[in-house]
Amino acid sequence: MNEQRTLFGVLRTGRPRTGLGKWSLRLICVFFVLFPAWLLWVSLVRMDRPDFWSDPVHAVLIICAAAAASASGVTGALAVLWKRERSLRVLAATAVGCFVLWWTFMEIAHPLP
């Protein structure tokens, strides 16, 4: 009864074992709470936003969401590379976090007019 389910013999489908893996999941959960909150705020509060800081709630929500996802990606990558975490959930959180980190860097490097 002490068997662990694996995917392709390498990835564990259960909960993460390492502390870094658990933190990666916690941070991606924070992202999945803050990002819909930001979407809800933007859709409900109709106002002109001539610059990024003209609506402080808007700015803080999206910055915190991006920071949580980016930290989740970095933490998950460290868990996979250094601690040999093989949880599928941590790999998914790492993929989402790295995508958000890449998106953030591209928005900073090449902003829309």
Side-chain angles (χ1 to χ4, degrees):
M1 277 320 268
N2 220 359
E3 295 179 21
Q4 291 184 357
R5 295 189 315 190
T6 60
L7 185 65
F8 306 117
V10 177
L11 297 175
R12 294 182 324 105
T13 57
R15 298 167 71 184
R17 283 193 250 174
T18 64
L20 286 174
K22 292 175 185 176
W23 270 106
S24 177
L25 289 184
R26 289 177 189 137
L27 288 167
I28 207 67
C29 287
V30 169
F31 168 73
F32 282 126
V33 168
L34 290 177
F35 189 69
W38 172 76
L39 289 174
L40 189 65
W41 177 263
V42 169
S43 66
L44 291 180
V45 178
R46 301 282 183 187
M47 64 181 283
D48 278 343
R49 294 180 178 93
D51 64 347
F52 184 72
W53 296 104
S54 60
D55 183 6
V57 175
H58 167 267
V60 168
L61 279 174
I62 196 64
I63 287 173
C64 290
S70 301
S72 173
V74 171
T75 306
L78 290 175
V80 168
L81 296 175
W82 284 356
K83 301 291 184 177
R84 300 292 182 210
E85 179 66 62
R86 295 294 180 248
S87 174
L88 191 59
R89 294 176 190 174
V90 173
L91 291 177
T94 302
V96 170
C98 288
F99 176 74
V100 170
L101 184 63
W102 173 77
W103 188 283
T104 304
F105 283 149
M106 290 301 110
E107 281 291 326
I108 292 171
H110 306 288
L112 294 175

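If you're wondering where the values come from, they're calculated on a predicted model, not measured in any experiment. Side chains are part of it too, since the values below use all heavy atoms of this structure and drop only hydrogens, waters and symmetry mates.
When the side chains of ILVMFWY residues are joined at heavy-atom separations under 4.5 Å, either directly or via intervening members, Leu88 and Phe99 end up in two distinct hydrophobic clusters. Each of Phe31 and Trp103 belongs to its own hydrophobic cluster when Ile, Leu, Val, Met, Phe, Trp and Tyr are linked at side-chain heavy-atom distances under 4.5 angstrom. Connection of Val80 to Leu27 is not established within any shared hydrophobic cluster, with ILVMFWY side chains joined at heavy-atom distances below 4.5 Å, either directly or through further cluster members. In terms of hydrophobic clustering, with Ile, Leu, Val, Met, Phe, Trp and Tyr side chains grouped at heavy-atom distances under 4.5 Å, Ile63 and Trp41 are assigned to a common cluster. A continuous path of hydrophobic side-chain contacts links Met47 to Trp53 [ILVMFWY only; heavy atoms under 4.5 Å].
Take Leu20 and apply the side-chain contact (heavy atoms from CB on, under 4.5 Å) test, not counting sequence neighbours, and it matches Thr18, Thr75, Leu78, Ala79, Lys83. Residues passing the side-chain contact (heavy atoms from CB on, under 4.5 Å) test with Cys98 are Thr94, sequence neighbours excluded. With sequence neighbours excluded, the residues satisfying side-chain contact (heavy atoms from CB on, under 4.5 Å) with Leu101 are Ser70, Val74, Phe105. For Ala95, the side-chain contact (heavy atoms from CB on, under 4.5 Å) criterion is met by no residue, not counting sequence neighbours. The salt bridge (Lys or Arg N to Asp or Glu O under 4.0 Å) check on Arg49 picks up Asp55, with sequence neighbours excluded.
Using the six-membered ring where Trp is involved, His58 and Phe52 have ring planes that are perpendicular, over 60° apart on the 30 and 60° scheme.
Scanning all heavy atoms of the two residues, the minimum distance from Ser24 to Ser72 falls at O-OG, 2.8 Å. Summarising the geometry of Arg15 relative to Ser87, their closest heavy-atom pair is C-OG, 4.0 Å, with the distance given to 0.1 Å. Contact between Ala68 and Val30 at its shortest, heavy atoms only, is CB-CG1, 3.9 Å. Heavy-atom minimum distance, Val90 versus Pro16: CG2-CB, 3.6 Å.
In this structure the side chain of Trp38 reaches within 4.5 angstrom of the side chain of Val42, judged on heavy atoms.
Note that the CG atom of Leu39 and the CG atom of Leu61 stand 10.0 Å from one another [nearest 0.5 Å]. Annotation: the span from Leu25 atom CG to Trp23 atom CH2 amounts to 11.5 Å, rounded to 0.5 Å. Here the NZ-CD distance, from Lys22 to Glu85, works out to 9.0 Å after rounding to the nearest 0.5 Å.
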**OP:** Take Phe35 and Val100 through the side-chain contact (heavy atoms from CB on, under 4.5 Å) test and state the conclusion after the steps.
**Re:** CA-CA 11 Å; Phe35 189 69; Val100 170; over 6 Å; no
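Alongside Ile108, the hydrophobic cluster contains no other residue (criterion: ILVMFWY side chains under 4.5 Å).
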